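What you see is a predicted model; the values in this text were computed from it and never measured. Whatever order the structure lists ligands and atoms in, that order sets their numbers, starting from 1.
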Amino acid sequence: MSFPHKDLLGINQLSKEDILTILDATESFRQISQRPIKKVPTLRGRTIINLFFEPSTRTRTSFEIAGKRLSADVINISGSTSSVTKGETILDTGYNLQAMNPDIIVVRHSTPGVPHILARNLECSIINAGDGAHEHPTQALLDMATIREHKKTLQGLKVAIVGDISHSRVARSNILAMNKLGMQVTVVGPPTLIPLEMESLGVEVSHDLVSAIRDVDVIMMLRIQAERHNQTSFPSLREYSNLFGLNAEKLKKAREDVIILHPGPVNRGVEISPDVIDGNHSLILNQVNNGVAIRMTLMYLLLGGSDENTD
Ligand code: CP
């Protein structure tokens, strides 16, 4: 199994073959979490540091669980309790953590490029767990794993990504992955939340939710990333929800076999209604489940994994 990368900074750096290698390996790692004893010795003696400068439920927990299921030692550091609050730079923080010889640092930061700065300067592997509105590569990979698990293929699938495209690192990483894998993407939302560069990325743009979802295999709903807005992009949440929120009534216009994804956290009743979140088309919790397997896979591949110790 060949994975010639020290770090995972973005989908941009991966080839189609890299992505397929990750997805194929994930099938085995998914099985480990189904067992009564959910632990293998693969990364025994290795150290993983989770360094999170932004809130997280799914990503941080799943990196911790992934590391522990592979028998690594996992240390969690929050930005708010780190010495960055006393004026230390992120790079000095990195040098000091490096001095303790970790094998992987997983980093989430509100500033795009922070994982790249650490990767250029530190010897250990860096995994980008989300950098501002730039990329969230492990989310896109777990989304690909979820779609492939349910649709059995990725090539040729049609996808609508709906919502706050401008501020979404999830949208960017998914578009990059879907383009590489031969999927057809339409982004849907108000003009104020869709950047002009979208068409140059080879995706279609729509401002009409119902017509955009009519013939797609996958609908991916996104939260309004209010923490990254510095001005109002629509008149009111109610109007946004009426035009771009997905509910059971609108979903009737989509295909019978459509699947619905959302990276979370969901804002129930804003971009997606409770009956759709909890309904038959929703794979939102399957995404979370695949998040553990994808992160186990990436730790394994980045540390030069062999088939030994994964059985
Ligand atoms: N999808 C995602 O990144 O969720 P968290 O912010 O909870 O990690």
Side-chain angles (χ1 to χ4, degrees), residues 8-11 22 26 30 33 48-69 74-82 104-115 126-147 149 159 161-178 218-229 246 259-268 270-272 276-278 282-299:
L8 179 68
L9 303 177
I11 297 296
I22 294 166
T26 295
R30 200 186 277 130
S33 294
I48 294 161
I49 297 179
N50 280 331
L51 181 58
F52 276 61
F53 290 91
E54 278 191 330
S56 172
T57 297
R58 283 146 286 269
T59 312
R60 180 170 156 165
T61 310
S62 62
F63 268 113
E64 181 171 357
I65 289 176
K68 287 180 171 171
R69 289 197 178 155
V74 183
I75 290 94
N76 294 305
I77 305 175
S78 295
S80 59
T81 56
S82 80
I104 299 177
I105 296 178
V106 178
V107 62
R108 169 172 285 192
H109 202 283
S110 58
T111 303
V114 162
I126 302 294
I127 300 180
N128 180 358
D131 62 329
H134 179 224
E135 277 231 40
H136 193 350
T138 61
Q139 178 69 45
L141 291 167
L142 74 87
D143 292 338
M144 295 308 106
T146 306
I147 296 169
E149 188 182 9
V159 185
I161 304 180
V162 184
D164 183 0
I165 310 296
S166 292
H167 302 93
S168 174
R169 54 197 178 203
V170 174
R172 180 176 304 276
S173 288
N174 265 286
I175 289 167
L176 291 170
M178 289 170 179
V218 182
I219 305 172
M220 179 178 292
M221 301 304 298
L222 300 174
R223 177 178 67 88
I224 305 278
Q225 311 276 305
E227 68 275 25
R228 287 195 263 281
H229 286 219
L246 184 63
I259 59 173
I260 295 167
L261 306 184
H262 190 309
V266 297
N267 287 158
R268 283 180 178 252
V270 179
E271 75 275 11
I272 184 165
V276 175
I277 295 170
D278 304 322
S282 170
L283 296 180
I284 295 172
L285 296 180
N286 302 65
Q287 290 172 269
V288 179
N289 185 269
N290 276 318
V292 174
I294 278 287
R295 287 158 183 140
M296 290 170 81
T297 307
L298 289 166
M299 290 170 177

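- Residues passing the salt bridge (charged side-chain N to carboxylate O under 4.0 Å, His left out) test with Arg108, sequence neighbours excluded: none.
- For the residue pair His134 and Asn128, no side-chain donor N or O sits within less than 3.5 Å of a side-chain acceptor on the partner.
- In this structure, the salt bridge (charged side-chain N to carboxylate O under 4.0 Å, His left out) partners of Arg223, at least two apart in sequence or on a different chain, are Glu227.
- There is a side-chain donor-acceptor pair under 3.5 Å between Asn290 and Thr146.
- Glu54 is linked by a salt bridge (charged side-chain N to carboxylate O under 4.0 Å, His left out) to Arg169, Arg228, counting only residues two or more places apart in sequence or in another chain.
- Side chain of Ser168 to main chain of Val170: a donor-acceptor pair is present (N/O by atom type, distance under 3.5 Å, no hydrogens or angles).
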Every pair of nitrogen or oxygen atoms between ligand 1 and the protein that is under 3.5 angstrom apart - can you list them with their distances to 0.1 Å?
from	atom 1	to	atom 2	distance (Å)
ligand 1	1 (N)	Gln139	OE1	3.0
ligand 1	1 (N)	Pro263	O	2.8
ligand 1	1 (N)	Gly264	O	3.4
ligand 1	3 (O)	Thr59	OG1	2.9
ligand 1	3 (O)	Arg108	NH2	2.9
ligand 1	3 (O)	His136	NE2	2.9
ligand 1	4 (O)	Arg58	NE	3.0
ligand 1	6 (O)	Arg108	NH1	2.9
ligand 1	7 (O)	Thr57	N	2.8
ligand 1	7 (O)	Arg58	N	3.0
ligand 1	7 (O)	Arg58	NE	3.1
ligand 1	7 (O)	Arg58	NH2	3.0
ligand 1	8 (O)	Ser56	OG	2.6
ligand 1	8 (O)	Thr59	N	2.9
ligand 1	8 (O)	Thr59	OG1	2.6
ligand 1	8 (O)	Arg108	NH1	3.4
ligand 1	8 (O)	Arg108	NH2	3.4

